[in-house]
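Step one of this worksheet: look at the structure below.
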Amino acid sequence: MLNYIYGISQVKVVVALCSAANFINAADRVIMPTAIIQMSEQFSWDLHGQGWILSSFAIGYMASGVLGASAAKRYGGKLTLLIAVLLWSLSTFITPYFAHSRWALIGLRVLLGIGEGLGMSQYMLSLFCE
């Protein structure tokens, strides 16, 4: 029997929320490659530094997918998804305050990648495995 939330099936609510979160994640991924051009001019970053900043997201993202699925099995999907949302929200919120520091920005991009990787594994588990 399906559970209903305000007359809408729980499955539709989960799909809608996961789609909205995935849209926000996609926006986070696209913004930095667009903004890096102006930021590198303002902060005098060379191509090497730009490469580290842009690739640091992928490092966190790749490292967290399998860990997210394992954490969901051990601690539950809701807690793992909550941690993922907190990680990527925190890193997105404080990025402008640390944008002047290349190393802080790299750390925040890794944190964003970890949060999004954890979140993506939760979407897949909640949509296809339950």
Side-chain angles (χ1 to χ4, degrees):
M1 187 119 209
L2 290 174
N3 294 329
Y4 289 89
I5 301 171
Y6 299 112
I8 303 170
S9 73
Q10 187 176 2
V11 173
K12 289 181 181 179
V13 170
V14 169
V15 169
L17 290 174
C18 287
S19 297
N22 203 19
F23 175 77
I24 294 168
N25 288 346
D28 282 341
R29 286 185 212 130
V30 172
I31 289 170
M32 184 55 73
T34 305
I36 194 84
I37 298 166
Q38 289 82 17
M39 291 174 73
S40 63
E41 291 172 2
Q42 181 177 355
F43 299 119
S44 301
W45 294 334
D46 58 356
L47 288 176
H48 188 262
Q50 293 176 39
W52 271 103
I53 291 167
L54 292 175
S55 62
S56 59
F57 171 84
I59 293 168
Y61 190 79
M62 289 186 294
S64 63
V66 174
L67 296 175
S70 299
K73 281 187 143 186
R74 176 174 275 182
Y75 304 111
K78 290 180 182 177
L79 178 63
T80 308
L81 188 57
L82 174 68
I83 291 169
V85 170
L86 289 176
L87 282 176
W88 87 59
S89 298
L90 177 69
S91 66
T92 300
F93 179 73
I94 64 175
T95 293
Y97 301 108
F98 293 97
H100 62 278
S101 169
R102 180 187 315 180
W103 297 109
L105 192 56
I106 289 170
L108 288 170
R109 295 289 295 168
V110 169
L111 190 66
L112 178 65
I114 290 170
E116 288 193 21
L118 290 173
M120 185 58 74
S121 64
Q122 297 316 300
Y123 307 150
M124 296 302 120
L125 285 173
S126 65
L127 292 177
F128 300 114
C129 297
E130 290 183 359

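Small disclaimer: the values here were computed from a predicted structure and weren't measured. Index from 1, following the sequence.
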If hydrophobic clusters are built by linking Ile, Leu, Val, Met, Phe, Trp and Tyr wherever their side-chain heavy atoms come under 4.5 Å apart, do [X] and [Y] end up in the same one?
X	Y	result
Leu118	Tyr75	yes
Leu90	Ile31	no
Leu47	Ile53	no
Leu54	Phe43	yes

ask   = With Ser64, which of Ile114, Ile59, Leu87, Val110 fulfils side chain to side chain contact (heavy atoms under 4.5 Å, CB included)?
value = Ile114
Can you give each donor-acceptor pair under 3.5 Å made by side-chain atoms of residues 33-41, sequence neighbours left out, with the distance rounded to 0.1 Å?
| unit_1 | atom_1 | unit_2 | atom_2 | d |
| --- | --- | --- | --- | --- |
| Thr34 | OG1 | Val30 | O | 3.0 |
| Ser40 | OG | Ile36 | O | 3.0 |
| Ser40 | OG | Ile37 | O | 2.8 |
| Ser40 | OG | Gln50 | NE2 | 3.4 |

inquiry  = So, taking the atom named CD1 in Ile94 and the one named CG in Leu111, what distance separates them when rounded to the nearest 0.5 Å?
reply    = 7.5 Å
remark   = Taken to the nearest 0.5 Å, the spacing of Ser56 OG from Leu105 CG works out to 7.0 Å
request  = Please report the closest heavy-atom contact between Tyr61 and Gly117, naming both atoms and the distance.
outcome  = CD1-N, 3.6 Å
remark   = Closest heavy-atom pair, Leu67 versus Ala63, reported as atoms and distance to 0.1 Å, is CD1-O, 3.2 Å
query = Looking at side-chain heavy atoms only, is the closest gap between Trp45 and Arg102 below 4.5 Å?
reply = yes
query = Is there a side-chain contact between Thr92 and Glu116 (heavy atoms, below 4.5 Å)?
reply = no
message = Students often mix this up, so state it plainly: with edges at 30° and 60°, are the rings of Trp52 and His48 parallel, tilted or perpendicular?
response = perpendicular
key: Donor-acceptor contact below 3.5 Å, side chain Ser91 vs main chain Trp88   = yes
